[in-house]
2 protein chains.
Amino acid sequence: MNAMAKGSFRDQVLRVREDAIVTAVNRLLAEKGFEQMTVDEVAADVGIAKASLYKHFASKEALAAAAMVRVLERTLEVIGQLAARREVAPFERLREVTRWALRVQLSGQMPILPAQNSSLRAELMAHRTYLDLLVTCSDRLGEWIIQAQADGQIDRSLPPELVLYTLFARACDPVPGVMKSSGRHGDEQIVEWVLATCFSGLGTRPS
Amino acid sequence: MNAMAKGSFRDQVLRVREDAIVTAVNRLLAEKGFEQMTVDEVAADVGIAKASLYKHFASKEALAAAAMVRVLERTLEVIGQLAARREVAPFERLREVTRWALRVQLSGQMPILPAQNSSLRAELMAHRTYLDLLVTCSDRLGEWIIQAQADGQIDRSLPPELVLYTLFARACDPVPGVMKSSGRHGDEQIVEWVLATCFSGLGTRPS
DNA sequence: GTCTATAGCCAGATAGAC
DNA sequence: GTCTATCTGGCTATAGAC
């Protein structure tokens, strides 16, 4: 939480440690969600005492918020990279972002969407950095959605917000995980199938 | 749990009470999920003491299992009614089942899909009635899926199990609830939009 | 800043009177 | 079967020594 300066050696050690904490939290959030994750597990995973965790982060909610912030930062990086590729149409950019999210999900590193009633929800809604990143992320994706609708590549009768929520939801969908747990299919194959159901739907095109 | 006989008056009273319990559990499962639901809430909602609940159901997991069983029974009823309408194609039947599930979800009565790691999961996997209903339900939907693929109405490149999981997942998707919470759209409109994203996808058909 | 030990709380489950 | 009162265990968070 502190130690933003990267000058001294001690501070760098601190940053590395906090990064390890956030990584552990991120993995546990992906595995079991906020309520089911215990601070003891996080401490054990990082290899330090629970009390030490609380020297870095004020609460369990703060731990989760840090992980959510990092996910959003990475998402914005991916969005930025795609935005630089001017030859890629908005519709394809949305597909690429979703593809990236599905891969992260299948690798067990996508934190579960905070439930509508979670105690986490309130804290996140008061977390400036998180909210700012979320809004930025939504805005950039929202632009692409509207452009894709103008291009005739996304159904114009769908409200852009519905499309946005649908993409967010697909990033946390249980379906890829269930398919993976059968052990019969590779990650890339699952990603392509889920992408197909998301963008093309279950039905075939009428000829 | 007991009192299957409907003979005596006392037993009927018991059945009505247990039905009220299951209804409350069902609502709370839909609202907050298994882990977030507390037995105290259930008792308060029914209007009896917590200890009395445990005279009817052995554990919190047993409460949830009863609710899940009832949902599956109702699902099978819907499936049975659709099966009787021979003029409706399998693809349309799948859409109708999904439409029904989305309506139940929006009315706040669809229990949340049990998470892969939940303590509930283990108990359900040992619950004969639940498993039997789940398998029956999956088999009947699976038949329709395969027929719809043979009819060329569902993408043949998708594994039937993926289609099945996708339909189950859509019944518990957070998207309809989030759309409803904005208060700007009616339930039926939301149902149609979500059905469209599910069966036709986000993209428009190439002409 | 790290640890051990523990406070404080809450939720699932039970005891025992009626 | 229903109640009140209580037990038990697990979890967040903190005290205090080093």
Side-chain angles (χ1 to χ4, degrees), chain A residues 1-5 8-22 24-25 28-29 31-67 114 117-124, chain B residues 1-5 8-22 24-25 28-29 31-67 114 117-124:
Chain A
M1 251 355 199
N2 345 330
M4 279 297 110
S8 81
F9 175 71
R10 286 189 76 85
D11 287 353
Q12 289 213 23
V13 170
L14 207 70
R15 269 186 69 85
V16 168
R17 169 141 296 178
E18 293 193 348
D19 208 62
I21 294 172
V22 173
V25 170
L28 286 166
L29 282 181
E31 185 184 323
K32 31 190 18 173
F34 179 70
E35 284 84 7
Q36 287 292 100
M37 173 187 84
T38 71
V39 179
D40 291 84
E41 283 173 321
V42 178
D45 197 294
V46 179
I48 61 178
K50 179 163 57 170
S52 303
L53 270 189
Y54 281 95
K55 297 287 182 181
H56 294 274
F57 298 91
S59 67
K60 183 186 178 184
E61 283 78 12
L63 277 173
N117 299 310
S118 170
S119 75
L120 176 60
R121 181 112 185 144
E123 184 119 339
L124 286 178
Chain B
M1 249 357 196
N2 346 332
M4 278 299 109
S8 78
F9 176 71
R10 286 189 76 86
D11 286 352
Q12 289 213 25
V13 170
L14 207 69
R15 270 185 69 85
V16 167
R17 170 140 297 177
E18 293 194 347
D19 208 63
I21 294 172
V22 173
V25 170
L28 287 166
L29 280 181
E31 186 183 322
K32 32 191 16 171
F34 178 70
E35 283 85 6
Q36 286 290 98
M37 172 186 86
T38 70
V39 179
D40 291 87
E41 283 173 321
V42 177
D45 197 294
V46 179
I48 62 178
K50 179 163 58 168
S52 303
L53 271 189
Y54 281 95
K55 298 286 182 183
H56 293 274
F57 298 91
S59 67
K60 184 186 178 186
E61 283 79 11
L63 278 172
N117 300 310
S118 170
S119 75
L120 175 60
R121 181 110 185 144
E123 184 117 342
L124 286 178

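Please read these numbers as outputs of a predicted model, since none were measured by experiment. By convention in this document, chain letters (A, B, ...) are assigned in the order of the sequence lines, proteins followed by strands, and residues within each chain are numbered from 1.
Inter-residue side-chain proximity for A:His56 and A:Leu14 is flagged as met; some heavy-atom pair is nearer than 4.5 Å. Using a 4.5 Å heavy-atom cutoff, the side chains of A:Glu123 and A:Ser59 are in contact. Under the 4.5 Å side-chain criterion, counting only non-hydrogen atoms from C-beta, A:Glu31 is not in contact with A:Met37. For the pair B:Leu28 and B:Gln36, the minimum side-chain heavy-atom distance is 4.5 Å or more.
Across the protein-nucleic acid pair, B:Phe57 atom CZ and D:dG1 atom P stand 13 Å apart, rounded to whole Å. Rounded to whole Å, the distance from CZ on B:Phe9 to P on D:dG1 is 13 Å. Rounded to a whole Å, the CD atom of B:Gln36 is 12 Å from the C1' atom of C:dA11. When rounded to the nearest whole Å, the span between CD of A:Gln12 and P of C:dG1 equals 14 Å. Rounded to whole Å, the distance from CD1 on A:Ile21 to C1' on C:dT2 is 12 Å.
Partner of A:Phe57 under the side-chain contact (heavy atoms from CB on, under 4.5 Å) criterion, chosen from A:Val42, A:Val25, A:Val22: A:Val22.
Not counting sequence neighbours, B:Glu61 has no partner by the salt bridge (charged side-chain N to carboxylate O under 4.0 Å, His left out) test.
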Footprint string (nucleotides 3-16 of chain D, 5' to 3'): B base within contact, S backbone only, - free, heavy atoms under 4.0 Å: BB------SBBBB-
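Checking the phosphate oxygens (OP1, OP2) of C:dT2, a side-chain nitrogen or oxygen of A:Arg17 falls inside 4.0 Å.
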